[in-house]
Every structure is written in C-alpha cells, then in structure tokens.
Amino acid sequence: MSTDFNFRPVLKGSSIYLRPLKADDFEALYAAASDPNIWTQHPEPTRYQRDVFEHGFFKSAVESGSAFVVVDKANERIIGSSRFYEWDREKAEVAIGFTFLACDYWGGATNAEMKQLMLHHAFKWARLVWLHIGVDNWRSRKAAEKIGAEFSHEERKEINGRIRETAFYKILPLSNL
C-alpha cells in the first residue's frame, strides 16, 4: 500500500465526475450552494449567503488542495463539492467531508455515486475512511448510513476554526461494496 495519497485525481462515474476545485469555479459552485435548503440542518446554516460561502467555505476549499467539484455529465453543470482531508499516513486513515449537493440531486443515486467514487479512490491508500457530520444534521447522517457508514462516536471537533459537536462515522473497505 503506497503512502502518498493522491488528493487531486479526476474521478469518473456513470452520471457524474469529480475534478479538483479551481479558484475560477467560484461562481458556478456558489450557484449550486446558494439554496438555503441545503444548509438548514448544517452547523453553518447561513452558508448560502455569498460572503459566508466565499470566506467560510470556498477559500479554505481551494487552499486545502484536496477539494473537488461534482459535475453532472449530462449538462456539465457543477452541482456540489466534497473533499478529502486529515490523511494520516501512519494509521492509513482519511476523512471525506465538506460535502454538499444541489437540492435537485437529493434523494437519488448521486450522493452514493459520488461517495463510491471517492471511497474507491481512498481505499487505494486508506484502511479506514471517516465522515464528520454535525450532530443535528440528520439528513447527512442518514445519507452516510445509506452508503454503509457506521456510527462510531460523537465528540467536539474543530472545523474551520470553530469547535462543533460532531458525529463520527467510519467506513471500512468491505462496508461500502
């Protein structure tokens, strides 16, 4: 198992693909993120506001070097984002998070396809993948369980400079097949 995690692949599925986020993706990604309904259960419920999105999400996503845009293959529209983070080479663990999809893509197969692409990639290096979800974000928690994630524990975690109550879910290589 290699120890050099590749944070910037292009991941291609049947209906979507993920490619590395670029600074000039702001307008298209903000168009996907500007619906307040996306953020109602999120720890930052005002993220749909342009300034909050730009400074509280987009800037750190670009700086992370590990964020993706999710693109609908049918129309080439950016419909969301996700990223890898907290790669631990010694433990062979990584987290997937900072994920959102436009509401038009909820309830179908898009989230599962996106996570399967990311998990397949992650398990080339990792033995365990973590999902960190706001404790009150039941929509995301249920979506995590639908893709095979297992609840581990809750703890306070610093995310974007703020301490938040976070639910930790884990996925092992065989749990997502």
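Using a 4.5 Å heavy-atom threshold, the side chains of Arg77 and Asp104 count as touching. Put simply, the side chain of Arg47 does not reach to within 4.5 Å of the side chain of Ile38, judged on heavy atoms. Residues Tyr105 and Asp72 form a side-chain contact, since some pair of their non-hydrogen atoms from C-beta on lies under 4.5 Å apart. You'll find the side chain of Val10 reaches within 4.5 Å of the side chain of Pro20, heavy atoms only. Counting heavy atoms from C-beta on, the side chains of Glu76 and Val71 come closer than 4.5 Å. In this structure, the side chains of Asp25 and Arg19 come closer than 4.5 Å at one or more pairs of heavy atoms.
Classified by interplanar angle (parallel below 30°, tilted 30° to 60°, perpendicular above 60°), the ring pair His121/Phe5 is perpendicular.
A single hydrophobic cluster is not seen to contain both Tyr48 and Val52; linkage of ILVMFWY side chains at heavy-atom distances under 4.5 Å, directly or through other members, places them apart. Trp138 and Ile159 are members of different hydrophobic clusters when ILVMFWY side chains are connected at heavy-atom separations under 4.5 Å. Criterion: ILVMFWY side-chain heavy atoms under 4.5 Å apart, direct or through other members. Under it, Val135 and Phe168 are not part of a common hydrophobic cluster.
Of all heavy-atom pairs between Leu131 and Ala149, the closest is CD1-CB, 3.9 Å. Residues Ala61 and Ala67 approach most closely at O-CB, 3.5 Å, considering heavy atoms. Closest approach of Leu21 to Arg8, counting heavy atoms only: O-NH2, 3.6 Å. Of all heavy-atom pairs between Ser66 and Phe7, the closest is CB-CD2, 3.4 Å. Here the shortest heavy-atom pairing between Pro43 and Gly134 reads CG-CA, 3.9 Å. Heavy atoms only, all atoms of each residue included: Ala167 and Glu154 are closest at CA-CG, 4.1 Å.
Trp125 contributes no side-chain N or O that, together with a main-chain N or O of Ala92, makes up a donor-acceptor pair within less than 3.5 Å. Under a 3.5 Å cut-off, the side chain of Thr99 and the backbone N or O of Gly97 do form a donor-acceptor pair. Ser81 places a side-chain N or O within donor-acceptor distance of the main-chain N or O of Phe68, the cut-off being under 3.5 Å. Not a single donor-acceptor pair under 3.5 Å links the side chain of Lys115 to the backbone N or O of Ala144. A donor-acceptor pair is defined here as one N or O able to donate and one able to accept, closer than 3.5 Å; such a pair exists between the side chain of Trp39 and the backbone of Ala33.
Annotation: cation-pi pair Arg83/Phe57 present, NZ/CZ under 6.0 Å from the ring centroid and within 45° of its normal.
Counting heavy-atom neighbours within 6.0 Å of Lys12 NZ, excluding the residue itself, gives a total of 12 or less. Heavy atoms of other residues, nucleotides or ligands lying less than 6.0 angstrom from NZ of Lys157 number more than 12.
Once rounded to the nearest 0.5 Å, the distance linking CH2 of Trp106 with CG of Asn111 reads 11.0 Å. With values rounded to the nearest 0.5 angstrom, His132 atom NE2 is found 11.0 Å from Ile96 atom CD1. Rounding to the nearest 0.5 Å places CD of Gln41 at 11.0 Å from CD1 of Ile133. We find the OG1-CD1 distance between Thr110 and Ile16 to be 6.0 Å, quoted to the nearest 0.5 Å. Interatomic distance, Ser82 OG to Leu117 CG, rounded to the nearest 0.5 Å: 11.0 Å. Residue Tyr85 holds its OH atom at 11.5 Å from OG of Ser60, rounded to the nearest 0.5 Å.
Salt bridge status for Arg127 with Glu93: absent, with no side-chain N to carboxylate O gap under 4.0 Å.
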Exercise for the section: Step by step, work out the salt bridge (charged side-chain N to carboxylate O under 4.0 Å, His left out) result for Lys91 and Glu86. Expected result: CA-CA 11 Å; Lys91 292 182 180 178; Glu86 294 185 2; over 6 Å; no
Exercise for the section: Using the salt bridge (charged side-chain N to carboxylate O under 4.0 Å, His left out) rule, take Asp136 and Arg141 through it: C-alpha gap first, then chi angles, then the decisive distance, then the call. Expected result: CA-CA 9 Å; Asp136 295 324; Arg141 292 179 75 165; over 6 Å; no
Problem - Residues Ile78, Val70; criterion side-chain contact (heavy atoms from CB on, under 4.5 Å); working and verdict - result: CA-CA 6 Å; Ile78 292 176; Val70 183; over 6 Å; no
Practice task
Start with the C-alpha gap between Glu113 and Tyr17, add the side-chain angles, then the distance that decides, and say whether side-chain hydrogen bond (donor to acceptor under 3.5 Å, both in side chains) holds.
Solution key: CA-CA 9 Å; Glu113 183 177 357; Tyr17 65 92; over 6 Å; no
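Just one residue in the list Phe100, Tyr30, Phe26 forms a ring pair (Phe, Tyr, Trp, His ring centres under 6.0 Å) with Phe58, and that residue is Phe26.
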